[in-house]
**Q** 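The structure is given below, and queries will be raised subsequently.
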Amino acid sequence: MLDIQALRNDLAGVAERLATRGFVLDAARFQELEAQRKSIQTRTQESQAKRNSSSKLIGQAKAKGEDVSAIMAEVANLGDELKQLETRLSEVQHELNAFLAVIPNTPHGGVPIGKSEADNLEVRKVGNIPKFAFEVKDHVSIGEGLDGLDFDTAAKISGARFSLLKGPMARLHRALAQFMLDTHADQHGYTEVYVPYIVNADSMRGTGQLPKFEEDLFRVPRVMGEDGEQNFYLIPTAEVPVTNIVRDEIVPLEKLPMKFVAHTPCFRSEAGSYGRDTRGMIRQHQFDKVELVQIVHPEKSYEGLEELLGHAEVILQKLGLPYRVVKLCTGDMGFSAALTYDIEVWLPAQNTYREISSCSNFEAFQARRMQARFRNAQGKPELLHTLNGSGLAVGRTLVAVLENYQQADGSVMIPEVLRPYMGGMEKLSL
RNA sequence: GGAGAGGUGGCCGAGAGGUCGAAGGCACGCCCCUGCUAAGGGCGCAUACGAGCUUAAACUUGUAUCGAGGGUUCGAAUCCCUCCCUCUCCGCCA
């Protein structure tokens with residue numbers, strides 16, 4: 001959520017910044033709602049003040065045993081008018097909140113202006129693209145050839161966009177997650193957390209998935225009391241449960257920064273991408289991801305983002321996978337982000353780089369929604385900044401390992417750092 | 001699934017229709033005292049949104065907020081209804 005003060009003070013400026021990411025702010029609507037809110041709120045408060053002071057008089061008079069009927073009569077009519085005003089006020093406030101809840105974050109000044117992926121800025125390329133003396137296969141052919149990937153059975157069990165891993169392939173998938181988790185926890189100073197995979201709507205609102213992107217989520221309906229229906233949701237990323245650790249909290253200054261790493265499955269309905277990446281495990285309804293989250297002091301958030309990005313890169317470097325880092329342009333950034341770096345890994349079969357991590361600074365956007373604060377040096381609560389990034393998407397990392405380490409005979413070499421997790425195995429073969 | 005007990009400020013915890021934004025304690029901040037430390041004393045200390053004043057802050061003032069939403073009442077933390085959450089015991093269960 002944006003700071004409503006920013007909208008009040010500099011509506012045109014905010015609108016301009018939002019326009020760079022393709023969001024048209026209905027400024028007139030905002031002004032109208034604000035004007036309504038202001039006038040109704042003033043009148044309501046005047047009316048409430050009158051009621052309160054009269055009621056106080058009644059209390060005092062009664063305590064002295066005086067006659068009270070005169071004042072009672074005076075206050076009698078206040079009720080209806082006040083109730084109406086209060087109702088109107090809460091309506092307007094709800095409209096205003098709904099209006100604010102769907103406005104994306106304003107991009108940081110360093111974000112390149114652009115419309116799409118094509119306008120992203122390449123920051124650096126790392127590693128050497130492997131050369132193959134034979135015709136490269138994609139991960140599906142490699143995996144099926146090794147009897148490790150089985151999409152047909154997954155489709156029978158569940159449907160499209162699910163995968164089934166078997167034998168050493170399943171173990172390699174687990175090895176990757178373990179390796180990532182260990183690296184971040186032991187070498188990068190993150191606290192490992194195990195979190196719920198099903199969360200409530202408040203948490204989804206906190207990180208910005210709701211109210212705008214419900215169609216991307218898997219909803220778990222629950223029937224509550226009489227009129228009560230309250231949904232749970234499967235997490236689309238560990239960002240949601242992990243960042244919400246600090247929702248409605250006031251963190252002591254000395255506890256900052258907080259760094260968490262979690263390995264979770266992620267569930268996405270992938271509504272709106274029906275035709276894309278239908279083959280293989282690039283785009284699934286269920287995939288595993290190791291996620292890094294930092295909860296930081298506002299002045300440290302960009303420093304933190306560079307650090308976090310570096311931590312994610314280490315994984316690729318240790319795995320010996322070539323990648324590049326791109327800074328997303330305004331038009332390609334997610335709803336809540338102020339600045340995002342994507343890490344893209346080289347996939348030989350696609351002859352291109354594909355996203356394997358996304359590292360963002362949300363500044364106070366999520367913190368404001370979550371009321372996640374810390375106590376500053378003056379002792380006053382202040383909004384935190386939140387950051388997160390994949391470190392990394394496990395399924396896509398497996399794809400990258402299979403494709404980059406494939407051999408002419410259909411086998412796949414196992415990167416050194418993973419071998420301890422594979423019982424010393426050096427290669428996947430039939 | 002059955003039975004019970006609770007949800008109050010950063011934390012603990014009183015309050016049971018009026019003068020309660022809420023006693024007391026802890027934590028925190030400033031000050032005093034003290035050779036150091038410990039102990040002691042004084043003062044301050046919720047958040048949000050308005051209005052006034054202001055370049056701004058500070059300040060003054062109004063309103064709201066005692067799990068959430070509704071209701072009763074001139075007036076609700078306190079009474080009624082619905083819901084959510086937490087805890088304890090029994091059952092079941094990995």
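Protein chains get the first letters and strands the later ones, always in sequence-line order, with residue 1 at the start of each. This one's a predicted model, so the numbers in the text were calculated from it and none came from an experiment.
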**Q** Suppose we define a pair by two distances each less than 3.5 Å, Watson-Crick or G-U wobble; what does rU78(B) pair with here?
**A** none
**Q** For Thr386(A) and Gln366(A), does a side-chain donor sit closer than 3.5 Å to a side-chain acceptor?
**A** yes
**Q** Counting the atoms with a prime plus P, OP1 and OP2 as sugar-phosphate, which does Gln41(A) contact under 4.0 Å by heavy atoms, base, sugar-phosphate, or nothing?
**A** base
**Q** Quote, to the nearest angstrom, the C1' distance that separates rU19(B) from rG75(B).
**A** 12 Å
**Q** Ring centroids only, cut at 6.0 angstrom: are His385(A) and Tyr302(A) within range, meaning strictly under it?
**A** no
**Q** Looking at rA64(B), rG50(B), rG18(B), which one has an atom nearest to any side-chain atom of Gln48(A)?
**A** rA64(B)
**Q** Between rG67(B) and rC74(B), how many Å separate the two C1' atoms, rounded to a whole number?
**A** 28 Å
**Q** Only pairs with both distances under 3.5 Å count, Watson-Crick or wobble alike; so what is the partner of rG4(B) in this structure?
**A** rC87(B)
**Q** On the nucleotide rG50(B), are OP1 or OP2 found under 4.0 Å from the side-chain N or O atoms that Arg37(A) carries?
**A** yes
**Q** Between atom CD in Glu34(A) and atom P in rG50(B), what is the gap in whole Å?
**A** 7 Å
**Q** Contact class for Pro252(A) vs. all strands (heavy atom < 4.0 Å): base, sugar-phosphate, or nothing?
**A** nothing
**Q** Across all strands shown, which nucleotide pairs with rG29(B) by Watson-Crick or G-U wobble geometry, both distances under 3.5 Å?
**A** rC43(B)
**Q** Expressed as a whole number of angstroms, how long is the span from Lys56(A):NZ to rG18(B):P?
**A** 13 Å
**Q** Say you pick atom C1' in rA46(B) and the same atom in rG9(B); how far apart are they, in whole Å?
**A** 6 Å
**Q** Would you measure the distance from the C1' atom in rG7(B) across to the matching atom in rG13(B) and give it in whole Å?
**A** 13 Å
**Q** Whole-Å distance between rG18(B) C1' and Leu57(A) CG?
**A** 11 Å
**Q** Quick one: on RNA chain B, does Arg8(A) or Gln45(A) contact a more 5' nucleotide (nearest heavy atom)?
**A** Arg8(A)
**Q** Do Phe335(A) and Phe365(A) have their ring centres less than 6.0 Å from each other?
**A** yes
**Q** Give me the distance, rounded to whole Å, that separates rC45(B) from rG21(B) when you measure between the C1' atoms they each carry.
**A** 13 Å
**Q** What interatomic distance, in whole Å, is found between P of rU65(B) and the corresponding atom of rU78(B)?
**A** 10 Å
**Q** Under a 3.5 Å cut-off for both distances, is rG62(B) Watson-Crick or wobble paired, and to whom?
**A** rC49(B)
**Q** Check the surroundings of atom CD in Glu117(A): do more than 12 heavy atoms from other residues, nucleotides or ligands lie under 6.0 Å from it?
**A** no
**Q** Nearest-nucleotide wise, let me know which of Asn52(A) and Arg373(A) is further upstream toward the 5' end of RNA chain B.
**A** Arg373(A)
**Q** Measuring only the C1' atom in each nucleotide, how far is rA22(B) from rA38(B)? A whole number of Å is fine.
**A** 34 Å
**Q** Indicate, with a heavy-atom threshold strictly under 4.0 Å, whether Lys50(A) touches base, sugar-phosphate, or nothing.
**A** nothing
**Q** Leu383(A) has an atom CG; how far is it from atom C1' of rA48(B), in whole Å?
**A** 12 Å
**Q** Under 3.5 Å for both donor-acceptor distances, Watson-Crick or wobble: does rC93(B) have a partner, and if so which one?
**A** none
**Q** Rounded to the Å, how far apart are Glu86(A) CD and rG75(B) P?
**A** 10 Å
**Q** Within the distance-only criterion (no hydrogens, no angle test), does the side chain of Gln284(A) pair as donor or acceptor with the backbone N or O of Gly280(A) below 3.5 angstrom?
**A** yes
**Q** Checking contacts here: which listed nucleotide (rC49(B), rU47(B), rC74(B)) is nearest the side-chain heavy atoms of Lys380(A)?
**A** rU47(B)
**Q** Asn376(A) has an atom CG; how far is it from atom P of rU47(B), in whole Å?
**A** 10 Å
**Q** Could you work out the separation of rG4(B) and rU8(B) based on their P atoms and round it to a whole Å?
**A** 22 Å
**Q** Within the 3.5 Å criterion, strictly below it, is a donor on Ser358(A) or Asp342(A) matched to an acceptor on the partner's side chain?
**A** yes
**Q** Give the rounded distance in Å between these two atoms: CG of Asn9(A) and P of rC49(B).
**A** 12 Å
**Q** What's the closest nucleotide to the side chain of Arg51(A) if the choices are rC49(B), rU47(B), rG75(B)?
**A** rG75(B)
**Q** Determine which nucleotide pairs with rU72(B), using a 3.5 Å limit on both distances of a Watson-Crick or G-U wobble pair.
**A** none
**Q** Taking any strand in view, what nucleotide pairs with rU37(B) in a Watson-Crick or G-U wobble way, both distances under 3.5 Å?
**A** none
**Q** Is a side-chain donor-acceptor pair under 3.5 Å present for Ser55(A) with Asn52(A)?
**A** no
**Q** Identify whether the distance between the nearest side-chain nitrogen and carboxylate oxygen of Lys259(A) and Glu307(A) falls below 4.0 Å.
**A** yes
**Q** Look at the side-chain N and O atoms of Lys83(A) and state whether any lies under 4.0 Å from the OP1 or OP2 oxygen of rC74(B).
**A** no
**Q** How close or far is atom P of rG52(B) from atom NZ of Lys38(A), stated in whole angstroms?
**A** 8 Å
**Q** Can you figure out which of rG10(B), rG50(B), rU47(B) approaches the side chain of Thr42(A) most closely?
**A** rG50(B)
